[in-house]
Chemist: 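Pasting a structure below so you can have a look.
Just so it is clear, the values below take in all heavy atoms, side chains as well, and ignore hydrogens, waters and symmetry mates. Note that the structure is predicted; figures quoted are calculated from it, not measured. Sequence lines set the chain letters: A, B, ... in the order given, protein chains first and strands last, and positions in each chain run from 1.
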Amino acid sequence: MTVVPIGEPEANVFVDGHQVVIRNMVIDDADLVQFVGTADDPELELRDITCLGANVKRITQTSVDVAVVEKQFADLEHRFDEDLTMAVEAMNKTADSYLNPKTGAFREMLDEVESNFDAAFDPDSKVGVLAKFEGILTGGHADMEKTIRDLVDPGSPKSPLARFTADLKELRDITIDIGTKLAVGQTEAEVLELTAVKGRKFEEVVFESVAGVASLFGDEPTPVGDQTGTVNKCGDILLTVNPDDTPGATGRIVVEVKDRKLSMRETHAELERG
Amino acid sequence: MKNRDADAGVIVFSRQEKAPTSAPLQPFGSKFVVVLDKDDLDERALRLGIAAARCTVLRQLSGNRAEAVDVDGVLSLVDEGQRVLVARSTVRRFLTQAGNSVDELVDTLDDILRQIAARLRSS
């Protein structure tokens, strides 16, 4: 069969059912020209080359797709593995902080609760409390003697002389305190701001709470922060115990309100003074 | 107590860290140190402190007539209440810590899930 060159007609390629029909196509690929030009049957050769090309292209495309997907999965798997490791480490760390038998938070909590319960049922402590009560009951007479002795003892903190000395010291402390406040320009508004609880003074909040308890017992609470007591204005609330519970006597509880830090010694001193 | 001629005294601090004690209620004979946290306003320690102070006053005033009031019984309850308050504040502190840790853990897991979702979307 002789190959006859043709001009440059318009290409016409279409699919007819399961067949591809090619008409008037010119291909100038050197390899293709060589294969077809040397073939005994150029039409069969072209058919084979075309089918072979289609197969190669399909296989190549599939391989590329597979490679891309595999790579994506590998990346994803790697990242997920990293994230999972991080999550497990975070969970282990948190679990350890709670559950570690020696240093965990639950261990510490159990120890402290256990300690509190031990103290609660400590027989010695109980005896101590009971003994104290008994001492108060039976020591009334001795206390009375001591009270009378203290009244005339200048060294006793309950004696008028010692009280006068303490009052002078307190007056001096108050004077120094006022001087300090004036020196730093501390205004009343600033003090109120520091001691306020949602727009109210902390003293008012405490008074409400004390009044709530007092009403249960029929006691009488009085805000006395602005009233002078036997010596000064120490003591913020005075609670007078229901007279029905104290026949023939008057029982009083003084409540001191503090919105600043005090040491143990200062706390006891405040209560003594109040 | 001296200035107001009182038989017992209660000092109320606005925060635990301002008080010289580590518990919301700490008795010292006829003196009581109480904390009423001004942010929390849990009145239990104050109520218990007032009740305890009242008992000590009754104890002082009743003298040999102590049988008229079961002061021992009440003081015993106050004692128990005080220990419960300590236990409560301890447990509460740990629960707060535990809650914070759980919140942090949830945040961490949320972050991880968000990262995974973002990467899945971009893949």
Side-chain angles (χ1 to χ4, degrees), chain A residues 72 76 79-80 83 86-87 90-91 94 97-98 105 108-109 112-113 116 119-120 129 133 136-137 140 163 197 202 205-206 209-210 212-213 217 219 224 229-232 234-235 238-239 241 245-246 249 251-264 267-268 270-274, chain B residues 1-15 17-21 28 31 33 36 38-39 41 43 46-47 50-51 53-54 57-64 66 69 71-72 75-76 79-80 83 86-87 90-91 94 97-98 101-102 104-105 108-109 112 115-116 119-120 123:
Chain A
Q72 284 181 334
L76 187 63
R79 289 196 300 267
F80 187 79
D83 293 338
M86 278 170 57
M91 282 189 276
T94 306
S97 74
Y98 288 121
E108 198 180 336
M109 182 172 74
E112 211 164 316
V113 170
N116 286 328
V129 172
F133 295 158
I136 292 169
L137 275 174
R163 189 178 292 186
V197 181
F202 183 55
V205 175
V206 174
S209 298
V210 171
V213 189
F217 302 111
D219 300 342
V224 292
T230 55
V231 181
N232 50 37
C234 283
L238 189 62
L239 191 62
V241 178
D245 294 338
T246 59
R252 296 190 190 90
I253 300 165
V254 66
V255 180
E256 187 76 41
V257 181
K258 287 292 161 201
D259 199 16
R260 63 186 173 90
K261 191 176 173 67
L262 292 183
S263 68
M264 186 63 85
T267 300
H268 280 280
E270 282 282 333
L271 280 168
E272 286 287 348
R273 276 198 298 263
Chain B
M1 292 161 66
K2 190 167 57 180
N3 187 47
R4 302 292 174 186
D5 195 20
D7 309 285
V10 178
I11 188 163
V12 186
F13 285 92
S14 58
R15 292 196 193 289
E17 56 267 26
K18 289 182 178 175
T21 53
F28 298 94
K31 297 177 200 151
V33 178
L36 176 64
K38 63 181 181 181
D39 289 333
L41 293 180
E43 297 178 342
L46 176 60
R47 285 169 172 261
I50 294 290
R54 196 176 191 278
V57 171
L58 293 180
R59 161 72 70 195
Q60 290 175 49
L61 297 177
S62 60
N64 290 331
V69 185
V71 180
D72 280 344
L75 282 174
S76 172
D79 201 31
E80 192 178 328
R83 283 192 288 269
V86 171
T90 303
V91 171
F94 280 113
Q97 287 173 2
S101 299
V102 169
E104 285 173 16
L105 180 59
T108 305
L109 287 174
I112 290 169
Q115 287 172 22
I116 291 172
R119 284 171 188 173
L120 282 173
S123 295

Chemist: Closer than 3.5 angstrom, by distance alone: can the side chain of B/Asn3 be matched with the main-chain N or O of A/Asn232 as a donor-acceptor pair?
Modeler: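 At least one qualifying donor-acceptor pair exists.
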Chemist: Can you name the nearest heavy-atom pair linking B/Leu61 to A/Ala249, along with the distance?
Modeler: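 Taking B/Leu61 first and A/Ala249 second, the nearest heavy atoms are CD2-CB, 4.1 Å.
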Chemist: What residue in B/Arg47, B/Arg15, B/Glu80, B/Arg54 has the most heavy-atom pairs under 4.5 Å with chain A?
Modeler: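 The residue among B/Arg47, B/Arg15, B/Glu80, B/Arg54 with the greatest pair count is B/Arg54.
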Chemist: With chain B as the partner, which of A/Asp219, A/Val210, A/Leu239, A/Val257 has the greatest number of non-hydrogen pairs under 4.5 Å?
Modeler: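 Option with the top pair count is A/Asp219.
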Chemist: By salt bridge (Lys or Arg N to Asp or Glu O under 4.0 Å), which residues pair with B/Arg4, not counting sequence neighbours?
Modeler: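 If we apply the salt bridge (Lys or Arg N to Asp or Glu O under 4.0 Å) test to B/Arg4, skipping adjacent residues, there are no hits.
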Chemist: Say you draw a straight line from CZ of A/Arg252 to CG of B/Asp5; how long is it, rounded to the nearest 0.5 Å?
Modeler: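 If I round to the nearest 0.5 Å, the distance is 5.0 Å.
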Chemist: Please classify the contact between A/Ser263 and chain B as side chain, backbone, both or neither, with a heavy-atom cut-off of under 4.5 Å.
Modeler: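 Only the backbone of A/Ser263 comes within 4.5 Å of chain B.
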Chemist: Using non-hydrogen atoms only, which part of B/Glu17 is less than 4.5 Å away from chain A: side chain, backbone, both, or neither?
Modeler: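 The answer is the backbone of B/Glu17.
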Chemist: Of the non-hydrogen atoms in B/Ala51 and A/Phe217, which two are nearest, and what is the gap between them?
Modeler: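 That closest heavy-atom pairing would be CB-CZ, 4.4 Å.
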Chemist: Does A/Asp245 reach the side chain of B/Val57, with side-chain heavy atoms less than 4.5 Å apart?
Modeler: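 In short, these two side chains do not touch, never coming nearer than 4.5 Å.
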Chemist: For A/Ser209, enumerate each residue passing the side-chain contact (heavy atoms from CB on, under 4.5 Å) test, keeping only those at least two apart in sequence or located in another chain.
Modeler: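 A/Ser209 satisfies side-chain contact (heavy atoms from CB on, under 4.5 Å) with B/Leu36, B/Glu43, B/Leu46 only.
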Chemist: Please tell me if the side chains of A/Asp259 and B/Lys38 come closer than 4.5 Å, counting only heavy atoms from C-beta onward.
Modeler: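 They are in contact (side-chain heavy atoms under 4.5 Å apart), so the answer is yes.
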Chemist: Do you know which of A/Thr267, A/Leu238, A/Val241 has the most heavy-atom pairs with chain B at a distance under 4.5 angstrom?
Modeler: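 Most heavy-atom pairs within the cutoff with chain B belong to A/Thr267.
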Chemist: Do the side chains of B/Lys18 and A/Lys258 get nearer than 4.5 Å, heavy atoms only?
Modeler: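 Contact flag for A/Lys258/B/Lys18 side chains = no.
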Chemist: Heavy-atom distance under 4.5 Å to chain B: side chain of A/Ile253, backbone, both or neither?
Modeler: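 Both backbone and side chain.
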